[in-house]
Amino acid sequence: MAQQNGQTENFTLRLGEQVVHVRQSGAGDGPPVVLVHGFGGSLTNWQLTQQVLAANHRVIAFDLPGHGQSSPLSQRPTLAHLASMTRQVMAGLGVRKAHLVGHSLGGGIALSLVGMAPQQVASLSLLAPAGLGEDVNEAFITSFVEADTVADMAAAMAMAVYDPRLMSRKVAEFLVEARAAPGAREALRAIAATCFPNGRQASNLRPVLHDLPCPAQIIWGEEDRVLSVQQVRGVGTQVSCQCLPRTGHLPHIEQAGVVNTALKNFIRSCEQG
């Protein structure tokens, strides 16, 4: 399905056993931008990002399996499997090559896709990505997955941001409602057990950054209490790194203007060669 008129479209895409919910905006002659959300998120996490980038590009956001309005997980959720699903979404939409933007778990998925199919990646923008170190905040993972009241969810999400006031009661209510969807909590438990077993990251994707086929940037919050910004050390000079002060694990939400500008400028520079 190709974007014809630049209008925002919401639709589902059937990929074998999996049904994936997609939101597509904008249009452009260059490679589209594909947004890959993080653990327990959905395409709504990109609401401050997608329309800004869609001013000049076709921008595709989608719900990972077991998230949002996509169908429950049908296979073991390794980063490689989730990267394969991302490739299938791209193929289903006629996208041969894309600028990938991935947050947290989505960053690990994007890195895995680069290692799997480097010819399909025009550029790589990683926001507080998984896969660059061993440590992950197990207390956050557990409390976020198991929260079933608004108060519990608000307490969990306070660990994800620099300023807890950013996480309003409305946000917590939305996340609790999302967790109640069929298969949602089970999916997160499966991803946590597979990708973050015993408070450790199962995948080391740092070698991908040392042999990149495309330009790459990393944006990370200095006050990230979910995945420490210290994991950005030693990624190599080939990767542009920007660490944002007074910012936690959600830089595209906490510092939307700064991140959107960085994404637009980076993608533009990649296309200008």
Side-chain angles (χ1 to χ4, degrees), residues 8 23-26 28 30-62 64 86 98-111 113-114 121-132 157-168 171 209 212 214-233 235 238-272:
T8 296
R23 178 175 295 164
Q24 187 169 241
S25 305
V33 179
V34 174
L35 307 172
V36 189
H37 69 75
F39 178 74
S42 70
L43 59 76
T44 61
N45 293 157
W46 300 111
Q47 61 186 346
L48 301 179
T49 309
Q50 185 164 9
Q51 291 304 123
V52 173
L53 298 182
N56 300 104
H57 291 83
R58 176 186 175 196
V59 185
I60 298 161
F62 67 99
L64 290 166
T86 303
H99 298 285
L100 294 184
V101 181
H103 169 244
S104 192
L105 178 75
I109 293 168
L111 269 172
L113 197 154
V114 172
V121 184
S123 74
L124 187 64
S125 294
L126 305 173
L127 313 181
L132 300 187
M157 289 305 299
M159 288 187 269
V161 292
Y162 173 75
D163 185 353
R165 290 174 297 181
L166 186 66
M167 292 295 112
S168 66
V171 171
L209 290 177
L212 280 170
C214 63
Q217 68 168 341
I218 295 175
I219 302 173
W220 217 311
E222 290 182 356
E223 306 297 333
D224 192 332
R225 289 183 287 162
V226 177
L227 294 172
S228 171
V229 70
Q230 299 303 319
Q231 296 176 26
V232 81
R233 290 181 175 177
V235 297
Q238 186 180 354
V239 182
S240 170
C241 297
Q242 183 176 5
C243 298
L244 304 180
R246 301 173 64 87
T247 307
H249 188 60
L250 308 175
H252 55 307
I253 296 173
E254 297 176 77
Q255 300 285 350
V258 173
V259 172
N260 288 341
T261 297
L263 291 173
K264 287 189 297 181
N265 290 343
F266 180 71
I267 292 171
R268 184 186 304 117
S269 68
C270 293
E271 294 185 339
Q272 291 175 347

**Student:** With rounding to the nearest 0.5 angstrom, report the CG to CG distance, L111 to L126.
**Tutor:**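 Here the rounded value is 4.5 Å.
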**Student:** Report the residue from V59, L53, V101 that forms a side chain to side chain contact (heavy atoms under 4.5 Å, CB included) with W46.
**Tutor:**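 So, applying the side chain to side chain contact (heavy atoms under 4.5 Å, CB included) to W46 and each of V59, L53, V101, only V101 qualifies.
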**Student:** If the test is side chain to side chain donor-acceptor pair (under 3.5 Å), which one of Q217, H103, H252 qualifies with S125?
**Tutor:**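 The option that passes is Q217.
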**Student:** How close do A158 and R225 get, counting heavy atoms only, and between which atoms?
**Tutor:**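 Smallest interatomic distance, heavy atoms only, reads O-NH2, 2.6 Å.
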**Student:** What's the separation between atom NE2 in H99 and atom OG in S123, rounded to the nearest 0.5 Å?
**Tutor:** 5.0 Å
**Student:** Give, for atom CE of M159 and atom CE of M157, the distance between the pair rounded to the nearest 0.5 Å.
**Tutor:**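 One finds 9.5 Å between CE of M159 and CE of M157.
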**Student:** Determine the minimum heavy-atom distance between V229 and C243, stating which atoms define it.
**Tutor:** CG2-SG, 3.7 Å
**Student:** Do T247 and V258 touch side chain to side chain, with heavy atoms closer than 4.5 Å?
**Tutor:**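 No. Closest side-chain heavy atoms not under 4.5 Å.
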**Student:** To the nearest 0.5 Å, how far apart are CG in L263 and CD1 in I219?
**Tutor:** 5.0 Å
**Student:** Please report the closest heavy-atom contact between A122 and P215, naming both atoms and the distance.
**Tutor:**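 Here A122 and P215 meet closest at O-CD, 3.5 Å.
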**Student:** Between E254 and G248, is there a donor-acceptor pair closer than 3.5 Å when you use the side chain of the first and the backbone of the second?
**Tutor:** yes
**Student:** Rounded to the nearest 0.5 Å, what's the gap from CD1 on I253 to CG on L127? Could you check?
**Tutor:** 10.0 Å
**Student:** Quick one: CD1 on I60 to CG on L43, what's the gap to the nearest 0.5 Å?
**Tutor:**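 It comes to 12.0 Å.
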**Student:** For L113 and V36: C-alpha separation, side-chain torsions, deciding distance, then whether side chain to side chain contact (heavy atoms under 4.5 Å, CB included) applies.
**Tutor:** CA-CA 11 Å; L113 197 154; V36 189; over 6 Å; no
**Student:** For W220 and L227, indicate whether the former's side chain and the latter's backbone hold a donor-acceptor pair under 3.5 Å.
**Tutor:** yes
**Student:** Can you name the closest pair of heavy atoms from D224 and A128 and give their distance?
**Tutor:** OD2-CB, 3.5 Å
**Student:** Would you say the side-chain atoms of N45 pair up with the backbone N or O of G38, donor to acceptor, closer than 3.5 Å?
**Tutor:**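 It does not hold such a pair.
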**Student:** Keeping the roles fixed (side chain from R246, backbone from D163), state whether a donor-acceptor pair exists under 3.5 Å.
**Tutor:** no
**Student:** Given side chains that start at C-beta, do those of N56 and I267 come closer than 4.5 Å, heavy atoms only?
**Tutor:** no
**Student:** With no hydrogens and no angle check, is any side-chain donor or acceptor of Q50 less than 3.5 Å from a backbone partner on R23?
**Tutor:**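 Looks like yes, one N/O pair under 3.5 Å.
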**Student:** Say whether, by atom type as modelled, one donor and one acceptor occur between the side chain of S168 and the main chain of V171 under 3.5 angstrom.
**Tutor:**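 Indeed, once roles are kept as given, a pair shorter than 3.5 Å links the two residues.
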**Student:** Testing the basics here: between A256 and L48, what is the closest heavy-atom pair and its distance to 0.1 Å?
**Tutor:** CB-CD1, 3.9 Å
**Student:** Tell me if a side-chain donor or acceptor on Q238 pairs with a main-chain N or O of L212 at a distance below 3.5 Å.
**Tutor:** yes
**Student:** For H249 versus S104, what's the shortest heavy-atom pair and its separation?
**Tutor:** NE2-OG, 2.8 Å
**Student:** So V34 and F62, do their side chains get closer than 4.5 Å, heavy atoms only?
**Tutor:** yes
**Student:** Between R268, E271, K264, which is the residue that forms a side chain to side chain donor-acceptor pair (under 3.5 Å) with H57?
**Tutor:**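 Filter result, single survivor: E271.
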